[in-house]
Q: 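I am attaching a structure below and will ask some questions about it afterwards.
Positions are given from 1 along the sequence.
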Amino acid sequence: MIIVKTASEIQALSGAWKKEGPVALVPTMGALHEGHLSLVRRAKQLAPRCIVSIFVNPLQFAPHEDFDKYPRAFENDLAMLKPVGVDAVFHPVASEFYPADFSTRVTVSSLNDYLCGKSRPHFFHGVATVCLKLFQSSLCDLAVFGEKDFQQMRILEKMVEDFNLPMRIVGHPIVREADGLAMSSRNQYLSTADRAMARAIPEVIFTARAKAQGEKTVGDLLTPARESLARAGLVIDYVEIASEKDLRPRTDAEFIGGIEQPHLFVAVKASATRLIDNVALGNESK
Ligand code: AMP
């Protein structure tokens with residue numbers, strides 16, 4: 001497993017590998033867990049060469065957010081990746097990756113207007129910008145993303161389409177803890193009490209999925225979902241149902257049956273920790 005710090009080095013390495021077959025990239029911010037490893041295993045099934053990037057991207061954090069505090073565990077990450085058989089870890093240094101005169105930002109409009117894009121207006125510009133740079137640095141033929149960050153995955157699919165990038169985005173299902181909580185590097189911030197509250201998130205989304213039928217309205221599902229999350233002690237950022245196609249939250253009166261590929265999205269805070277989750281409500285998910 002080769003560790004590479006500069007974009008030019010990873011480009012040279014990948015350029016040589018691409019002569020033999022496709023190269024897969026799994027972008028991460030490190031503090032790896034089983035969810036990340038499942039993405040890496042998927043990437044390895046899809047391509048003979050696999051690069052994992054580990055970079056806590058300053059562009060996607062607002063000044064008041066947890067950039068400094070975000071968990072960093074590079075040595076442990078390497079120890080987790082080695083047995084999986086990753087070919088290279090790309091671990092750029094922020095000052096080299098974004099030199100002082102770095103001037104370009106990528107904005108994917110429309111899909112950015114809702115859900116996390118509304119709550120964190122800076123966020124997806126930072127994500128799209130770093131991903132375009134990671135895709136171009138790694139010369140990847142495909143990049144694997146978790147459906148845990150469903151909006152992120154959709155935004156990146158749009159960027160790839162709009163810019164005719166010669167690669168594809170592959171989505172991978174959410175990996176959960178035994179009690180259903182979606183794995184996340186931020187789960188380690190949770191106190192015992194927060195962790196107990198967080199259990200309500202998967203309970204609520206799977207209850208909504210079980211109840212979702214065409215003749216139910218959005219409100220039929222969202223009202224009890226919001227009540228249960230609040231009763232558990234979680235502070236709601238948003239709880240919405242949208243089509244996977246456009247991510248635009250639907251009004252309470254709309255019928256689930258009238259929404260193409262309906263999908264439930266949740267963002268809450270357990271004390272200071274923001275947690276997101278989502279589930280497909282229709283039969284066909286992306
Ligand atoms: P992060 O390090 O949090 O930026 O995540 C890197 C990648 O791992 C993203 O594509 C995430 O969607 C994905 N990911 C994070 N947590 C999970 C999970 N529990 N299940 C599946 N993918 C995940």
Q: Rounded to the nearest 0.5 Å, what separates atom CG in L275 from atom CE in M197?
A: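 Reported to 0.5 Å precision, the distance equals 10.0 Å.
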Q: Is there a donor-acceptor pair under 3.5 Å between the side chain of E260 and the backbone N or O of K245?
A: no
Q: Rounded to the nearest 0.5 Å, what's the gap from OG on S137 to CZ on F90? Could you check?
A: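 Here the rounded value is 4.5 Å.
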Q: Going by heavy atoms in the side chains, are I256 and V218 under 4.5 Å from each other?
A: yes
Q: Quick one: does NZ or CZ of R72 land under 6.0 Å from the six-membered ring centre of F67, within 45 degrees of the ring axis?
A: yes
Q: Taking the six-membered ring of F102 as reference, does the cationic atom of K133 (NZ for Lys, CZ for Arg) lie under 6.0 Å from its centre and within 45° of its axis?
A: no
Q: So is K5 actually on top of F74's ring, under 6.0 Å and inside 45° of the axis?
A: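 Geometry flag: set, cation within 6.0 Å and 45°.
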Q: Would you kindly confirm whether L165 and V23 end up in one hydrophobic cluster when ILVMFWY residues are joined by side chain heavy atoms under 4.5 Å apart?
A: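 Yes, L165 connects to V23 through the hydrophobic network.
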Q: Could R199 and E177 be called an ion pair, given the rule that one side-chain N must be under 4.0 Å from one carboxylate O?
A: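 Salt bridge flag = no for E177 with R199.
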Q: So do T217 and D252 actually touch side chain to side chain, heavy atoms under 4.5 Å?
A: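 Sidechains of T217 and D252: no contact.
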Q: Any non-hydrogen side-chain atom of S243 less than 4.5 Å from a side-chain atom of R248?
A: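 No; the side chains remain at least 4.5 Å from each other.
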Q: Could you tell me whether D179 and R195 have a side-chain N and a carboxylate O separated by less than 4.0 Å?
A: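 R195 and D179: salt-bridged.
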Q: Among D66, T273, D194, which residue meets the side chain to side chain donor-acceptor pair (under 3.5 Å) test with Y189?
A: D66
Q: Quick check: is F135 connected to L59 through a chain of hydrophobic side chains (ILVMFWY, heavy atoms under 4.5 Å apart)?
A: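 Yes, it is one cluster - the side chains of L59 and F135 are joined through contacts under 4.5 Å.
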Q: Hey, are R226 and E240 close enough for a salt bridge, meaning a charged N less than 4.0 Å from a carboxylate O?
A: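 Answer for the salt bridge query: yes.
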Q: Please say which of R209, E244, R154 ends up in a side chain to side chain donor-acceptor pair (under 3.5 Å) with H263.
A: E244
Q: A side-chain contact here means heavy atoms from C-beta on lying under 4.5 Å apart; do S110 and K158 qualify?
A: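 Counting from C-beta outward, S110 and K158 never come under 4.5 Å.
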Q: Can you get from L39 to L156 by hopping between Ile, Leu, Val, Met, Phe, Trp and Tyr side chains that sit under 4.5 Å apart?
A: no
Q: With a 4.5 Å cut-off on side-chain heavy atoms, are V144 and L142 touching?
A: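 Yes; the side chains approach each other to less than 4.5 Å.
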Q: Do the non-hydrogen side-chain atoms of I51 and L13 ever get within less than 4.5 Å of each other?
A: no
Q: With a 3.5 Å distance limit and no angle check, can you tell me whether T129 reaches the backbone of G126 through a side-chain donor-acceptor pair?
A: no
Q: So how far is it from M159 CE to I169 CD1, rounded to the nearest 0.5 Å?
A: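 One finds 6.5 Å between CE of M159 and CD1 of I169.
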Q: Counting C-beta onward and ignoring hydrogens, is there a side-chain heavy-atom pair between D220 and K211 closer than 4.5 Å?
A: no
Q: Contact between N57 and F97 at the side-chain level, heavy atoms closer than 4.5 Å - yes or no?
A: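 Not touching, per the 4.5 Å side-chain cut-off.
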Q: Cluster question for you: counting only ILVMFWY and a side-chain heavy-atom cut-off of under 4.5 Å, with indirect links fine, are L281 and I174 together?
A: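 No, no single cluster joins them.
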Q: Would you verify whether the NZ or CZ of K118 falls within 45 degrees of the ring axis of Y238 while also being under 6.0 Å from that six-membered ring's centre?
A: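 Negative - K118 is either too far from the ring of Y238 or too far off its axis.
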Q: For V204, is there any backbone N or O sitting under 3.5 Å from a side-chain donor or acceptor partner on S228?
A: no
Q: Same cluster or not: V130 versus I10, using hydrophobic residues (I, L, V, M, F, W, Y) connected whenever any side-chain heavy atoms lie under 4.5 Å apart?
A: yes
Q: Under 3.5 Å, is there a donor on one side chain and an acceptor on the other for N112 and S109?
A: no
Q: To the nearest 0.5 angstrom, please state how far the NE2 atom of H125 sits from the CD atom of Q60.
A: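 H125 atom NE2 to Q60 atom CD measures 12.5 Å (nearest 0.5 Å).
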Q: Taking R120 first and then D237, would you say they form a salt bridge - that is, a charged N and a carboxylate O separated by under 4.0 Å?
A: no
Q: Tell me yes or no: between the side chains of Q11 and S8, is some donor less than 3.5 Å from an acceptor?
A: no
Q: State whether D141 and K18 are salt-bridged, where the test is any N-O pair (Lys NZ or Arg NE/NH1/NH2 against Asp/Glu carboxylate O) under 4.0 Å.
A: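 Salt bridge between D141 and K18, a charged N being under 4.0 Å from a carboxylate O: yes.
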